[in-house]
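Worksheet for the structure shown next.
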Amino acid sequence: MDFQLTEDQRALRDGVRDLLEGRFDRTALRAAVDASERAGAAALDRELWRELGAAGFFSLALPEADGGVGLGLPEAVLAFEEAGRALLPGPLVATFLAAGEIPGAASGDVMVTAADGPLVAWLDEADVVRGDVAGAVPARSVDPLTPLHRLPADAPREDGGPFLDGAGALLTAAEQLGSAARTTEMAVQYARERVQFGQLIGAFQAVKHLCAQMLVRAEIARGAVYAAAVTGDPLEVCGAKLLADDAAVRNARDCLQVHGGMGFTWEADVHLHLKRAWVRAGTGRSAGDAEEALAAAL
Amino acid sequence: MDLTYTAEEDEFRARLSRWLARTLPELPPPPDPLDWPGRRAYDTGWQRRLYDAGYAGLHWPVDAGGQGATPTQHLIFLEETEKAGAPYVGANFVGLLHAGPTIASEGSAEQRARWLPPVLRGEEVWCQGFSEPDAGSDLASLCTRAWRDGDHYVVSGSKIWTSHAEVADWCELLVRTTPVSGSVPKHRGISWLAMPMDAPGITVRPLRTLAGSTEFAEMFLDEVRVPVSHRVGDENDGWRVTMVTLSYERGTAFVGEVVACRRVLGELAREARKNGRWDDAVLRRRLGHLSAEFAALWRLTQWNVSESQRTGGVPGVGGSVFKLHYSHARQELYEAAADVLGPGALDLGHPWNHDRLSSLSYTIAAGTSQIQQNIVAERILGLPKGR
């Protein structure tokens, strides 16, 4: 047993981080937010989508014989964690899951979305839609970079499936983990710069303890998400999603608190993390249903 | 990232599990939790069986009398013994998990030969003389004095929260060998001594905990003579020696307990299904949530063990992250247990209720959660020191 990242896994993670920092840094993120505000709807950067495809982001887990990279779920989790850190928009999980099944998905030429609950993301922009979206009506999405449609309440729901306890839930959890780790860093960075009462606010225990608990939540989620990636066990995936949702949402809220009044502004990025975390937490199984599933197995 | 065990590790697990299945039925009935002399006899008896079977000091280095097992084998040992419901380390806690590893790492050859074998054989019990009335979380402020008189230290002062003092043969004692002065930081004048508990001048007064038992005591030291040869590490270097001890405490001491908590969670679910409390969706969901948390804590344990196996060093500050969440989750577990029991939660005849009371110490002992949060914030996250 060696439950640590291998050299190759570290290199992969660093490579994805470098790619995203170069191609979708804060300036690009804010430009995307501004553009979506102006246009009244978020648009996806198709060029970036194809660059991700060319870098092997969507084909990571496809066998090499099928033009993929031939890696496994743990590597995919590391890549999606980076996407979560960077707040990369788009139906990443649905497109990843479609690679190898829907032509063009792996290369990033085709953008795929899926109906995996009461909400569908990126319905108007997607080239291919999986699942029944009859009667979907546009919603004013809380997340400026994730357009949403609502499905009728009586629409048929898939029972099980990738977004409830499969790879979809796990990759969504990995994005939540990346976001939870990023908001921890943002809070710590702010606490080391902001001066009040003549000292850095990070010297106050009240602030320290918020930051320490953020790290604890992120690390607990990390243990759960990585282990679920290795075992692929549906219950472990279920627990990982539950804890990662919790870490992403609560860390974003605590990060907002550490930022004080600044955290409540549109200008700070904190709200973008919180809103995306809410959207991801609303994907797949609800927290209550996940807890019920875990309890049933006791 | 790999969670599979090697064939050698699987074989180790199988052999241990066979031994446990054979040995556990032979054990005498466990003592009353309030009866410390009884607990000492029971716990040291169990340690002797482990020793005879070759499982004592499994992960200690061979030159310290241990088996030189890998951290992963130690993890398997803790997992299997807890799963099988084997006795807890109990009265041997300080000897096996604090003083022993400290002496193994920092002691001389003579000191290792003198103190380690009796711990492994279950012959000698240690207690921990760290805290003082004015130096608990602020341990470096301790003021029990030790001054040289020939080849002895003469020690005077008082200690508190001295775990297992009532039944101990030895005390790992922190004393001040250089008085605090403006120029020397207060943690620089501390030394680590092994004090025999039968030395003249020691008065032990057991303290009753809220759980009714006497886990710890206050200890008064009136010119107690301790040979200089009983000092582990250099004079005034006791703080560094102590940090070695504490990293063991935070890093590994609670590992097996996670397995135990997962077992208790299963028992909670069975009891709730039996007594009808399972129909309460709020309670069911709490148990489901706890299940995810203890599974994650177990995975985090495997992560930390793998890390220490790679670095070959003592467990790092990551232990503080673990302890912060574990101590909280353990308390939540026994709050849920009380909810499952309903009115039965007020009956101390049920073991869960004693464990519920004991769990209250988890966010205090071995560094309060507030201190742990400071450690995480300052040493891992790099936030400035302050108030």
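Treat the numbers as computed from the prediction; the structure is a model and nothing was measured. Just so it is clear: chains get the letters A, B, ... in the order the sequence lines come, proteins before strands, and each one is counted from 1.
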More than 12 heavy atoms of other residues, nucleotides or ligands under 6.0 Å from NE2 of B/His350: is that the case?
yes
The interface call for B/Leu268 against chain A, heavy-atom contacts under 4.5 Å, is neither
Student check: side-chain heavy atoms of B/Trp278 and B/Arg284 closer than 4.5 Å
yes
So, A/Phe80 versus A/Phe57, ring centres under 6.0 angstrom or not?
yes
Highest number of heavy-atom pairs under 4.5 Å with chain B: which of A/Ala191, A/Ala221, A/Ala287, A/Ala227?
A/Ala227
Highest number of heavy-atom pairs under 4.5 Å with chain B among A/Asp246, A/Thr184, A/Leu215, A/Val207 belongs to A/Leu215
With a 4.5 angstrom heavy-atom cut-off, which part of B/Ala292 approaches chain A: side chain, backbone, both or neither?
both
Audit row: A/Asn251, A/His273, side chain to side chain donor-acceptor pair (under 3.5 Å) steps and yes/no:
CA-CA 9 Å; A/Asn251 280 13; A/His273 274 280; over 6 Å; no
Which atoms of B/Leu381 are under 4.5 Å from chain A, going by heavy atoms: the side chain, the backbone, both sets, or neither?
both
Should the heavy atoms of other residues, nucleotides or ligands under 6.0 Å from CG of B/Asp134 be counted, would the total exceed 12?
no
Per-residue contact mode, A/Leu242 against chain B (heavy atom under 4.5 angstrom)
side chain
Please look at A/Ala229 and chain B and tell me whether the side chain, the backbone, both or neither of the residue comes under 4.5 angstrom of a heavy atom of that chain.
neither
Chain B heavy atoms under 4.5 Å from A/Glu236: which part of the residue, side chain, backbone, both or neither?
side chain
Of all of A/Gly239, A/Cys211, A/Gly223, A/Ala212, which one pairs up most often with chain B through heavy atoms under 4.5 Å apart?
A/Ala212
Part of B/Glu378 lying under 4.5 Å from any heavy atom of chain A:
side chain
Validate the cation-pi geometry between B/Arg13 and B/Tyr5: distance from NZ or CZ to the six-membered ring centre under 6.0 Å, angle to the ring axis within 45°.
yes
Chain B contact via A/Val216 - side chain, backbone, both or neither, heavy atoms under 4.5 Å
both
Any side-chain donor paired with an acceptor under 3.5 Å for A/Gln9 and A/Glu75?
yes
Side chain, backbone, both or neither: which part of B/Gln302 has an atom under 4.5 Å from a heavy atom of chain A?
both
Just give me the residue among A/Gln213, A/Glu219, A/Glu185 that pairs up with chain B most often, heavy atom to heavy atom, under 4.5 Å.
A/Gln213
Spacing of B/Leu290 atom CG and B/Arg330 atom CZ [to the nearest 0.5 Å]:
12.5 Å
Heavy-atom contact with chain B under 4.5 Å, split by part of A/Leu243:
side chain
Check whether NZ of the Lys or CZ of the Arg B/Arg262 lies under 6.0 Å from the centre of the six-membered ring of B/Phe294 and within 45 degrees of that ring's axis.
no
